[in-house]
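None of the values given here were measured: they were computed from a predicted structure. One-based numbering, in listed order, for ligands and for the atoms of each.
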Amino acid sequence: MRIAVYPGSFDPITLGHLNIIKRAVRIFDKVYVCVMVNSGKSPMFTLDERMEFIRRVTERFGNVEVDCSDKLLVDYAVSKNATVIVKGLRAVSDFEMEFHMALTNKKLCPDIDTVFLTASEKYTYLSSTVVKEMAKYGADLTKFVPREIIDDIIERVSTGGKKS
Ligand code: ADP
């Protein structure tokens with residue numbers, strides 16, 4: 001069984017993330033979409049909210065499991081018997097950092113490979129940061145995030161990014 005982990009902050013999940021998930025579920029038997037707890041970032045959405053959004057938009061895929069972790073990524077992957085880490089590559093600017101991380105993870109755990117899926121052309125500009133910025137200015141979010149979570153984003157932005 002080919003098991004993969006797709007890690008990220010997903011604050012919130014975007015159509016770019018969802019595009020990677022859709023393609024990963026065709027390649028792997030099981031995909032753990034894992035919200036990584038990153039103490040360096042202060043997210044707009046809580047861990048539970050981010051996981052719930054991902055669950056909402058991936059429920060149609062039978063082989064996706066949504067999870068979170070504060071472990072080292074390779075330790076998390078080993079704990080799930082995963083042999084692949086999936087990453088999305090948007091642009092050259094993503095490359096250097098992702099390349100370093102992939103090499104570091106390979107050193108830490110030689111049995112795990114990082115597989116890069118190139119972002120779909122229509123989403124190369126898209127990041128969670130862009131989504132939050134657009135939401136603040138009242139832009140139409142349908143081109144950026146799955147429709148099931150648009151109202152939650154608008155509501156959060158209307159409270160200045162704080163949970164009401
Ligand atoms: P962000 O950079 O938006 O904060 P995350 O940390 O949540 O993103 O990203 C998780 C993974 O998804 C990373 O591998 C990242 O490169 C990838 N990714 C993010 N946005 C896109 C996109 N628009 N298209 C393809 N992959 C993406």
Taken in chain and number order and not counting sequence neighbours, the residues that satisfy side-chain contact (heavy atoms from CB on, under 4.5 Å) with Met1 are Ile3, Asp29, Lys30
Do Leu18 and Phe53 belong together in a cluster built from hydrophobic side chains that touch within less than 4.5 Å?
yes
Yes or no: does [X] have any heavy atom under 4.0 Å from an atom of ligand 1?
X	value
Tyr125	no
Pro7	yes
Thr14	no

Residues joined to Tyr137 in its hydrophobic cluster, side chain to side chain under 4.5 Å directly or through other members, sorted by chain and number, are none
For ligand 1, which atoms sit closer than 4.0 Å to a heavy atom of [X]?
X	value
Lys87	14 (O)
Tyr123	22 (C), 23 (N)
Gly16	22 (C), 23 (N), 24 (N), 25 (C)
Ala119	24 (N), 25 (C)

Ranked by distance from atom 3 (O) of ligand 1, the top protein heavy atom is Ser128 N, 3.1 Å
Q) Counting only heavy atoms not in Arg147, do more than 12 fall under 6.0 Å of its CZ? A) no
Rounding to 0.5 Å, atoms NE2 (His17) and CG (Asp11) come to a distance of 9.5 Å
One should read off an interatomic distance between Thr159 OG1 and Met44 CE, to the nearest 0.5 angstrom, of 8.0 Å
Checking heavy atoms under 4.0 Å, the part of Leu126 that sits near ligand 1 is both
